[in-house]
Structures are given as C-alpha cells and as structure tokens.
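The block underneath contains the structure these notes are about, expressed in structure tokens.
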Amino acid sequence: MSTDLPPPVYPLGVLEVPERRLPSDHLTPGDTTLLAMLRAALQAAAPDWEALRVAVAGAQGFRQRCDRVVLILYQASEQRLMVVRRGGGGLGEALEQALKALKQHPRIGAFAVADQERCRIQLDIIAQPPVPCDIREIGMSRRGALHFEVGLDGLVLERDGKRIYVLPGDAYVHSYMGMKQLRRRLTRLYGNDVLDAYSFARFTSESYISFGERWVRLWRGHPLNGPLTQARLVQATELAVDHILRNQQADGRFLYYYNAALDSRRDHEHPNRDPDRNPFYNIVRHSGGILTGLYHARLTGSDRALAPMRRAIDYLLAQARTYETHDGREAHYIYYNRKGKLGGSGVGLYALAEHRRLTGDRRYDEAARRLANHIAEQITDSGEFIYYKVYLDKEVTEADNGKYFSFYYPGEALCGLAGYYLYILEDEVEKARLLAAVHRALRFLIVERPRTRASEYRALPSDAWLMMAMMEFWDEPAFRRDLYRDFVFTDADAMVRQMYTVDDAPYPDYAGAFFYEFGEYPYADGARAEGLMAAFTLAHKVGDKARIALYGRALRLLAWATMHLVNTPESIYFAANPDVALGGIRFKYTRQWFRIDTIQHVCAFYLKMMLDGRVAVSDGTTASNEERATCIFADERSA
C-alpha cells in the first residue's frame with residue numbers, strides 16, 4: 001500500500017552520528033587533578049603555587065598556550081563571580097593570576113568553594129587576542145567575517161581602560177538568542193550610550209564547567225552533546241516527569257511557565273499577569289501535560305504518575321460547560337479564560353482516551369462521550385471546524401468563524417476523536433456517524449484549507465497534531481484513504497527536507513533541527529518531532545520501507561538535536577533555583593524559559609520512540625564513529 005510519492009533521498013551518513021562534528025571531549029585524568037587543585041587553592045590561606053603549576057602542566061586536555069583565561073564561580077542564590085586575567089601566553093600563569101584575583105574578591109566568602117555540589121567552577125580559555133569589530137555591523141544574519149554566532153562568539157567592551165566581558169556561553173546563562181536581545185541587554189546593564197561609548201572586540205573560547213570531581217566541556221553554554229543513547233532518552237524523560245510531578249499544584253494544574261535565568265514564573269507572553277495573584281494558564285497545554293504522564297506510565301508500567309494525572313483530569317473536567325447539540329445530544333466543552341477553544345476540548349478528549357487505553361478504567365467514559373459530541377457538533381457542513389464555542393463569553397457562529405481561525409485546533413480535535421473512536425466508543429452506528437464527520441473535516445483540511453488559507457502555510461510544515469490524528473485513525477480499515485496517507489507523508493518528507501543534516505549544518509549543533517530558510521537559527525521542535533514520529537509509525541502500518549528507513553534516521557537526528565533543550569544536573573550550573581530548573585525542557589538552545597508544552601512535546605516524543613521500539617539508538621557501548629554509523633544503519637534490516 002506504499003504511496004507513489006517518492007521520499008527524499010540522502011547520501012549515506014548525512015543523517016548519522018552528528019556528535020562527530022562537535023569538538024571532542026579530550027579531557028584527561030590530569031584535568032581532574034587540576035580541578036581539585038583549583039578548589040584547594042581557593043580554600044588555602046597560602047596556596048602551593050608550584051604544585052598548581054605542575055598540575056596545569058599535567059592537564060593535557062587543556063591548551064597550554066592562550067591569550068587569557070576566565071574563571072567564574074556559580075552558586076545558587078548568589079550572583080556569579082567572574083575574573084579575567086592574562087598570563088604572558090601561558091595557561092598556568094593566567095590561572096594563577098585569576099585565582100589570586102578571585103581569592104581577593106570581597107564576595108569570595110559567600111561561595112562554598114569546598115563544596116563541589118553547591119559551588120561550580122567555569123573555566124574559559126581564550127586562545128587568541130580579541131579582534132576589533134563594529135557592534136552595529138556584526139549579526140546572526142550577516143555572512144562571512146561579519147557573522148556573529150550568538151552562543152559561540154563573545155565580546156569584550158572597553159572604555160577608559162575598563163573592560164567588560166560577554167562570554168560566548170552568556171547567551172545560554174542569561175537567556176538570549178539574537179543580536180537585538182544582546183544589544184538590549186548591554187544597554188540595560190551599561191547605559192543607553194554603550195554601543196557608541198565603548199569599543200568592541202570579538203573572541204571565541206573553549207569553555208568547561210565543573211560537575212562533581214570532573215570537568216564537562218561546554219558548547220554554546222550547554223554541556224557537549226554526546227551520542228544519542230537509550231540511557232539518555234530514559235534520563236530525559238525521567239527528569240521531565242519528575243519535574244512535572246514535583247511542581248504540580250494541589251488542584252491538578254501544572255507549573256505552566258518558568259524562566260530559570262530569572263527564577264521567575266512571569267510569562268513573557270503575558271508580562272502583566274502577576275504569577276502569584278493572577279497567573280496565566282493554558283488549558284490546551286494542561287491536557288498535553290496529562291498525556292505526558294500517561295505515556296510515561298504506559299512505557300514504564302509505573303503508576304506513580306496516575307494519581308497526579310487523574311487530579312489533572314479532574315481539574316480539566318471541572319472547567320466543562322454542558323449544553324445540548326442541535327440533534328439533542330448531551331455535550332460539553334472545556335471553558336477557560338472566558339473561551340471555549342476547540343483545541344482545549346480536543347486534547348482533553350485525547351487525554352481521556354489515553355487514560356482508558358492505559359488503564360481500562362471507564363470512569364471518564366461519560367465525560368469523553370460529551371466531549372466527542374461537542375467536537376462533532378463543531379464540524380460544519382463544509383467540513384470546517386468552528387474554532388471556538390465561545391470567545392470572551394460570546395457565542396461563535398459559523399458566520400463569524402473566520403475571524404477566530406486556528407491552524408492547530410482541528411488537528412487537536414481530530415486526535416481527540418481518534419482516541420475516543422478507537423479506545424472508548426463501542427456502538428457501531430455511532431462509529432459510522434462519527435467517521436462520516438471526520439471524513440468531511442479531513443477533506444476540508446487537506447483539499448480546501450490550503451487554497452482558502454494559503455497564507456498560513458510555509459515551507460516547514462507545522463500541523464503535527466493532524467499527522468498524529470491520521471496515524472491513529474489508520475487502525476480503522478474504513479478510514480484508510482490514499483489522500484490521508486499522502487498528506488502525512490508529504491508533510492513528513494517536507495520536514496526532513498527542512499532539517500539541517502550533519503554535513504550541511506552551519507554549526508554542528510544545528511544538525512537535526514529544522515529551518516524555514518536555510519542558515520537561520522535552528523528550530524529543535526518537539527511538536528514537529530511528534531508529527532514525524534507519527535509518519536514513521538504510519539510508514540510501518542502501510543509497509544513503506546523507504547520511508548521507514550528515512551524517517552528512522554531523521555528521528556534519531558532530531559532526538560539528538562532536542563537533547564540540547566533538556567535541563568540535566570550538568571546543565572543547570574547557572575540556575576538560582578536548581579530544583580525548579582531541573583527536568584525542564586526549554587524552547588530554544590540558549591533560551592532559559594520553558595512551559596508545560598515545551599516539556600510535553602519533547603518528552604512525549606522520546607516516550608513514543610521508546611514505546612515504539614523501532615527507532616534504533618545506541619546502547620551506550622563504546623564505538624568509533626565508523627563503527628557507530630554501521631550499527632545505526634543496522635536498523636534497516638527490520639524495514
């Protein structure tokens with residue numbers, strides 16, 4: 001039943017082993033000894049400088065010749081402490097001078113330098129002298145010598161002999177990802193005239209952060225991203241679910257938004273909402289959090305998330321408003337923030353169906369039936385959904401529906417109907433009625449919407465929910481149509497085309513992330529990852545061997561890219577409140593805010609990969625790049 005549409009074809013290797021393009025983590029036992037010596041020197045009243053010089057000489061993982069070094073101390077609840085020193089070209093002399101400056105700093109007493117868990121040390125080695133630049137000319141969108149890569153390039157500002165350093169990794173620490181944000185930060189910190197009053201020079205550095213007794217190499221401020229392994233997938237999902245459960249409120253709501261750089265719950269999209277007295281909350285994303293906990297329970301067999309997810313379901317259903325459909329059926333919709341979003345009811349129904357699928361428990365069947373009746377009621381004769389039942393408490397009619405268009409709500413609604421149809425609904429007459437409405441809706445979405453809403457479509461497809469819905473519905477033989485299959489594969493093929501490969505990525509960590517226009521900042525997107533995972537599952541269902549192989553490789557690469565977003569114990573060295581930051585999954589590589597949905601999509605993607613079991617990942621055994629590539633391609637045998 002394979003489609004006639006040919007999938008993209010890639011040369012061997014361009015979707016494989018992305019970590020080979022990153023700098024190697026060449027740390028040695030001598031480097032660990034140096035870290036211990038640094039801590040000892042910071043504690044000692046009279047450090048043994050000769051022993052330190054010997055330790056530096058034995059630290060063969062670090063370059064021994066450099067222009068200057070940076071030492072930074074991080075500790076939760078303390079503003080970081082940073083010094084920069086030159087040392088006549090040698091690492092040892094520069095480190096000695098930096099240590100002496102740290103020991104003399106008036107704030108050094110606030111840092112528990114003997115406690116390797118509380119106080120973490122960052123070392124940046126600047127190999128070459130900074131090069132003068134024009135701060136108004138360099139930028140992320142410039143090419144050649146004027147290109148400035150936020151996260152990998154640093155700045156030194158100088159005025160009247162005073163120097164200010166902006167380290168490459170500061171983008172990660174202080175949560176900015178573009179030149180406009182960087183310039184705004186400089187202006188806020190150093191005055192409105194900073195861009196004109198200071199001279200600027202640029203530099204790069206090798207960066208390391210302590211973790212326990214060892215160093216961790218940083219890249220763009222984040223720990224170096226190693227091979228994708230099963231253990232890393234498990235760790236990421238466990239951290240994420242732990243975070244969700246640890247921060248859930250008593251009434252069932254999740255921690256909606258957190259900015260680890262500011263230790264703040266103030267949502268940047270709703271800056272006037274007080275996070276304590278009047279926090280913003282999105283009920284659609286709430287239901288996504290429920291799905292994550294249920295997927296985790298299905299993968300692990302653990303019931304530790306079940307009671308919290310039921311509490312979240314109860315909160316969801318407490319927002320339901322009941323009414324009667326035009327043909328006399330009992331229905332209700334999810335009402336929140338004075339709106340009745342189609343997506344809120346759709347993802348909510350999807351969560352109820354997943355709960356039934358997981359547990360067999362019928363406690364939510366009636367609520368699911370009413371939600372399904374509501375969603376079916378929202379499908380008009382043309383097939384277009386009505387996107388809101390009410391908007392700011394005003395009933396939305398078919399006549400004014402166009403003003404409230406949502407690209408994503410229909411896919412979310414159809415996911416809900418698919419789950420209800422497959423795992424809850426048993427009456428065959430009702431199934432036929434519901435499926436007829438679904439066919440009507442899909443014809444509009446696939447055939448009519450691209451014509452009437454052409455401006456909503458871009459090179460990189462974004463309707464992952466619709467892809468998931470079609471994959472789910474495919475288990476029903478009466479659903480299977482070439483039109484639906486080809487839609488999923490066409491969007492998935494386009495996603496792969498709009499993905500940076502290992503060979504063409506402008507920077508190594510771009511590999512596996514998406515782009516709209518080649519060269520732009522990477523979109524390591526968990527939502528699209530779920531859509532591509534759905535296409536991979538559908539390819540197995542229809543026996544499309546070429547796409548099984550292609551999507552499997554692309555999914556591994558995408559999973560590797562999204563690992564840059566996961567907050568692990570190693571990566572949250574800067575956080576003022578590590579307990580809240582840990583387990584969050586961020587939106588961008590150097591942005592420090594995350595929401596329940598940014599956690600949900602990436603975590604759900606990893607859980608689905610592991611639940612499926614057909615996307616081969618490394619078991620973590622040591623292998624060369626060539627051996628690893630051979631192992632990775634071995635999964636094609638099952639295609």
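Heavy-atom basis, side chains included; hydrogens, waters and symmetry copies ignored. Small disclaimer: the values here were computed from a predicted structure and weren't measured.
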Original post:
Does Tyr423 have any ring pair (Phe, Tyr, Trp, His ring centres under 6.0 Å) partners at least two apart in sequence or in another chain, and if so, which?
Top reply: none
Subject >> Residues which pass ring pair (Phe, Tyr, Trp, His ring centres under 6.0 Å) with Phe254, listed by chain and number, not counting sequence neighbours >> reply: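 With sequence neighbours excluded, Phe254 shows a ring pair (Phe, Tyr, Trp, His ring centres under 6.0 Å) to His286, given in chain and number order.
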Original post:
Could you go step by step and tell me if Phe514 and Tyr523 meet the ring pair (Phe, Tyr, Trp, His ring centres under 6.0 Å) rule?
Top reply: CA-CA 5 Å; Phe514 299 111; Tyr523 295 85; 8.6 Å; no
**OP:** Please lay out, stage by stage, how Arg338 and Tyr391 fare under the test side-chain hydrogen bond (donor to acceptor under 3.5 Å, both in side chains).
**Re:** CA-CA 7 Å; Arg338 300 176 59 204; Tyr391 190 92; over 6 Å; no
Do [X] and [Y] come close enough that some side-chain heavy atom pair is under 4.5 Å?
X: Arg285; Y: Tyr256; value: yes
X: Leu558; Y: Arg528; value: no
X: Tyr335; Y: Lys389; value: no
X: Arg357; Y: Ile424; value: no
X: Ile585; Y: Asn567; value: no
X: Trp465; Y: Tyr350; value: yes
X: Trp474; Y: Val542; value: yes
X: Leu342; Y: Ile386; value: no

Straight-line distance of [X] [atom1] to [Y] [atom2], nearest 0.5 Å:
X: His564; Y: His222; atom1: NE2; atom2: NE2; value: 7.0 Å
X: Leu607; Y: Leu233; atom1: CG; atom2: CG; value: 9.0 Å
X: Leu422; Y: Arg356; atom1: CG; atom2: CZ; value: 12.0 Å
X: Asp267; Y: Arg273; atom1: CG; atom2: CZ; value: 9.0 Å
X: Leu352; Y: Ser345; atom1: CG; atom2: OG; value: 10.0 Å

**OP:** Test the Lys341-Tyr409 pair against the cation-pi criterion, namely NZ or CZ under 6.0 angstrom from the six-membered ring centroid and within 45° of the ring axis.
**Re:**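 No - Lys341 does not lie over the ring of Tyr409 by the 6.0 Å and 45° rule.
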Scan side-chain atoms only and decide if [X] and [Y] contain a donor-acceptor pair under the 3.5 Å cut-off.
X: Arg591; Y: Tyr176; result: no
X: Tyr516; Y: Gln498; result: no
X: Asp493; Y: Thr490; result: no

Original post:
Of Tyr484, Phe473, Phe444, which is the lone residue that meets ring-ring contact (aromatic ring centres under 6.0 Å, His included) with His439?
Top reply: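 Testing His439 for a ring-ring contact (aromatic ring centres under 6.0 Å, His included) against Tyr484, Phe473, Phe444 leaves exactly one candidate, Tyr484.
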Subject >> Criterion ring-ring contact (aromatic ring centres under 6.0 Å, His included) against Tyr387, the qualifying member of Phe405, Tyr408, Phe407 >> reply: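 Looking at Phe405, Tyr408, Phe407, the match for Tyr387 under the ring-ring contact (aromatic ring centres under 6.0 Å, His included) is Phe405.
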**OP:** Go through Phe489 and Arg485 one step at a time and tell me if the side-chain contact (heavy atoms from CB on, under 4.5 Å) criterion holds.
**Re:** CA-CA 6 Å; Phe489 289 162; Arg485 176 203 60 202; 3.6 Å; yes
If every non-hydrogen atom of [X] is compared with every non-hydrogen atom of [Y], which pair is closest and at what distance?
X: Asn373; Y: Thr325; answer: O-CG2, 4.1 Å
X: Ser175; Y: Ala261; answer: CB-CB, 3.9 Å
X: Pro522; Y: Tyr589; answer: CG-CE1, 3.6 Å

Subject >> The single option from Ile548, Leu15, Thr501 passing side-chain contact (heavy atoms from CB on, under 4.5 Å) against Arg553 >> reply: Leu15
Original post:
Can you list the steps and then say if Asp251 with Arg253 is a side-chain contact (heavy atoms from CB on, under 4.5 Å)?
Top reply: CA-CA 6 Å; Asp251 65 3; Arg253 282 179 294 172; 2.9 Å; yes
Original post:
Around Phe587, counting heavy atoms of other residues, nucleotides and ligands shown, do more than 12 lie under 6.0 Å from its CZ?
Top reply: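 It does not: Phe587 CZ has 12 such atoms or fewer within range.
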Subject >> Trp593/Tyr257 aromatic ring centres below 6.0 Å >> reply: yes
Original post:
Any donor-acceptor pair under 3.5 Å linking the side chain of Asn401 with the backbone of Phe385?
Top reply: yes
